Amino acid sequence: MNCLFCKIARREIPSELIHEDTEAVAFRDIHPQAPTHILIVPKKHIEKHADLSTQDKALLGHLHEVARTLAVREKLSDYRLVLNNGAGAGQSVWHLHLHLLGGRNFSWPPG
């Protein structure tokens, strides 16, 4: 797959990974929207949330567990998780990923 996040997960593009396991990698966003902005990316290529199948339930849960673990490591008591689905929602890389944002107050509604 010629996807940016697939290449990072396969270590074909250098990136400082702050987490890696058999199912996912995590690294800091190069255009952070908060003092802490980490991307949590499955190694399996899935373009967007709408493309998840019932076989991906455990993977999606795993991404959330990685997010929780990283929030603890980063000492974030309050944080936001974002998962965009499609260009109109702000998705710019066509590989499913969670944004872990923290270190500042967030308003509602976002956007």
Side-chain angles (χ1 to χ4, degrees):
M1 183 107 317
N2 198 27
C3 160
L4 173 66
F5 287 172
C6 286
K7 288 180 177 183
I8 290 172
R10 291 190 308 256
R11 297 179 178 255
E12 294 171 7
I13 294 176
S15 182
E16 185 178 333
L17 300 181
I18 60 172
H19 174 87
E20 182 174 19
D21 60 41
T22 59
E23 298 179 73
V25 295
F27 48 91
R28 297 191 189 279
D29 195 298
I30 62 171
H31 299 293
Q33 301 301 306
T36 300
H37 188 167
I38 298 170
L39 302 179
I40 303 154
V41 178
K43 289 182 175 180
K44 176 182 178 182
H45 182 82
I46 302 167
E47 281 199 9
K48 60 187 186 285
H49 187 263
D51 295 333
L52 288 164
S53 71
T54 55
Q55 289 80 21
D56 297 317
K57 284 195 284 188
L59 176 61
L60 192 56
H62 180 72
L63 299 178
H64 282 269
E65 179 60 22
V66 171
R68 189 198 61 77
T69 299
L70 291 172
V72 169
R73 186 185 312 163
E74 297 283 320
K75 297 179 175 49
L76 300 174
S77 58
D78 298 319
Y79 55 90
R80 178 172 284 173
L81 292 177
V82 175
L83 195 162
N84 299 315
N85 184 80
Q91 185 175 1
S92 60
V93 177
W94 296 100
H95 186 120
L96 180 83
H97 56 285
L98 279 180
H99 296 259
L100 169 62
L101 301 129
R104 70 170 174 85
N105 290 329
F106 296 97
S107 61
W108 192 261

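It should be emphasised that the depicted structure is a prediction, and the values quoted were computed from it without experimental measurement.
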Gap between atom NE2 of H37 and atom CD1 of I30 - 0.5 Å precision: 10.5 Å

Beyond-backbone contact of V41 with I8, side-chain heavy atoms, under 4.5 angstrom: no

From H45 atom NE2 to H95 atom NE2, the distance as rounded to the nearest 0.5 Å: 6.5 Å

Under 3.5 Å: donor-acceptor pair, side chain of Q91, backbone of V93: yes

Main-chain N/O of D21 paired with E23 side-chain donor or acceptor, under 3.5 Å: no

Atom pair CG/CD1 of L60 and I46 - distance to nearest 0.5 Å: 8.5 Å

Trace of the side-chain contact (heavy atoms from CB on, under 4.5 Å) decision for R11 with L17: CA-CA 9 Å; R11 297 179 178 255; L17 300 181; 3.4 Å; yes

Taking every non-hydrogen atom, the tightest pair across Y79 and A71: CE2-CB, 3.4 Å

Non-hydrogen atoms of D51 and D56 that approach each other most closely: O-OD2, 4.4 Å

Donor-acceptor contact below 3.5 Å, side chain R80 vs main chain H99: no

Closest heavy-atom pair and its distance - Q33, H31: NE2-O, 3.0 Å

Value rounded to 0.5 Å, distance of CD in E65 from CG in L70: 10.0 Å

Backbone of G103 reached by a side-chain donor or acceptor of E74 within 3.5 Å: no

Test item: L63 and L83 side chains (from C-beta on) under 4.5 Å apart, heavy atoms: no

Criterion side-chain contact (heavy atoms from CB on, under 4.5 Å) against F27, the qualifying member of I38, I40, L39: L39

Side-chain donor/acceptor of N85 to backbone N/O of A50, under 3.5 Å: yes

Atom of H19, atom of A24 and distance for their closest heavy-atom approach: CD2-O, 4.0 Å

Pair N84-K48, side-chain donor/acceptor within less than 3.5 Å: no

